[in-house]
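Below is one structure, written out as structure tokens; the observations come after it.
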Number of protein chains: 2
Amino acid sequence: MHAHLPDGLADGVFPAGCPSRTVLDHITSKWGVLILLSLSEGEQRWSELRRRAEGISEKMLAQTLKTLERDGLVLRKAQPVIPPRVDYSLTERGHELSDLLVPLVTWAYNNADDIINGQR
Amino acid sequence: MHAHLPDGLADGVFPAGCPSRTVLDHITSKWGVLILLSLSEGEQRWSELRRRAEGISEKMLAQTLKTLERDGLVLRKAQPVIPPRVDYSLTERGHELSDLLVPLVTWAYNNADDIINGQR
DNA sequence: TAAGGTACTCACCTTTTGGTAAGTTATGGG
DNA sequence: CCCATAACTTACCAAAAGGTGAGTACCTTA
């Protein structure tokens with residue numbers, strides 16, 4: 001009936017030093033989720049990402065993009081022009097992930113009001 | 001081909017004060033995810049949760065469980081016995097959510113090594 | 001009488017996270 | 001000559017998250 005955890009986590013124990021903990025932290029970080037989701041709609045420039053992930057600071061945008069790029073989830077294409085132009089997009093792996101993230105965020109979006117107002 | 005965002009988020013903008021931001025923060029919090037996942041395997045006691053979400057402190061366990069309970073995702077059943085016995089389980093809404101969280105964590109678990117070692 | 005078990009809470013302190021404002025780069029346009 | 005532009009980086013500071021160790025409750029068992 002319900003989804004179940006992979007064998008390695010079957011007993012529900014999540015080892016503290018496990019790489020999956022680190023990855024989970026990256027992909028569930030506040031700004032990480034928002035950027036991944038934004039990019040799931042297509043390639044975008046730095047300034048566009050800033051606008052779409054409303055409230056993010058330049059510092060956090062840079063930091064988050066670097067982490068996602070190192071993780072092979074986001075691709076950075078810089079054009080050697082002045083003023084600079086940099087396009088960000090999801091890698092194949094990033095798409096795999098965002099396909100799982102989208103239903104989650106959609107659920108959060110649909111249930112947010114009920115949850116915050118303490119209904120049901 | 002790819003999953004897409006709900007209409008309210010169609011332009012990829014996530015309003016800063018939006019309730020869905022708050023909910024997203026709760027359900028993607030480091031310990032929140034782990035507890036939700038652990039409970040997806042069935043009802044558990046406080047001490048069992050402590051053990052399974054390896055590394056969590058009592059303070060964070062209490063705090064996280066309170067948030068999840070307030071959000072209507074986790075049910076707290078306290079039995080009036082000494083020593084105390086409290087059982088935690090997912091609500092229906094909690095199950096809906098964990099069904100979306102499980103594939104995400106499974107993906108993270110399967111890809112963690114490649115991501116951390118910078119492969120692909 | 002004293003210790004043990006369970007599920008907490010609290011006060012205090014450290015660590016991490018994140019914001020702000022300034023600086024950087026190189027070129028084209030006025 | 002100088003300002004605007006885009007995509008950053010840096011230093012500094014404030015805020016939030018989180019750890020530690022102690023304390024609490026109450027009954028049961030030794």
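Every chain is numbered from 1 and lettered A, B, ... according to where its sequence line falls, protein lines coming before strand lines.
For A:Arg45, whose side chain is taken as the heavy atoms from C-beta onward, the closest listed nucleotide among C:dA7, D:dA6, C:dC8 is D:dA6. Counting only heavy atoms from C-beta on, A:Trp46 has its side chain closest to D:dA7 among C:dC8, D:dA7, C:dT27.
Atoms CH2 (A:Trp31) and C1' (C:dT17) sit 12 Å apart, rounded to a whole Å. Atom CG of B:Asp25 and atom P of D:dA16 are 13 Å apart (whole Å). In this structure, A:Ile82 atom CD1 and C:dA26 atom P are separated by 7 Å, rounded to whole Å. Taking atom CG of B:Asp87 as the reference point, atom C1' of C:dA7 lies 12 Å away to the nearest angstrom.
In this structure, A:Arg76 and A:Trp46 have side chains that are not in contact, with every pair of non-hydrogen atoms separated by 4.5 Å or more. Considering only heavy atoms from C-beta on, B:Leu75 stays 4.5 Å or farther from B:Asp87 through its side chain. Contact annotation: the side chain of B:Thr106 never approaches that of A:Leu9 to less than 4.5 Å [non-hydrogen atoms, C-beta and beyond].
Between A:Arg85 and D:dC8, a side-chain N or O to OP1/OP2 separation shorter than 4.0 Å is absent. A:Tyr88 has no side-chain polar atom (N or O) that falls below the 4.0 Å cut-off from OP1 or OP2 of D:dA6.
For A:Leu90 against A:Ser98, the heavy-atom pair with the smallest separation is CD1-OG, 3.6 Å. Closest non-hydrogen pair, A:Val102 versus A:Ser40, comes out as CG2-OG, 4.2 Å.
For the segment residues 49-68 of chain B, the set of residues with a heavy atom within less than 4.0 Å of an atom of DNA chain D comprises B:Ser57, B:Lys59, B:Met60, in numerical order.
Within 6.0 Å of the NE2 atom in A:His2, the count of heavy atoms belonging to other residues, nucleotides or ligands exceeds 12.
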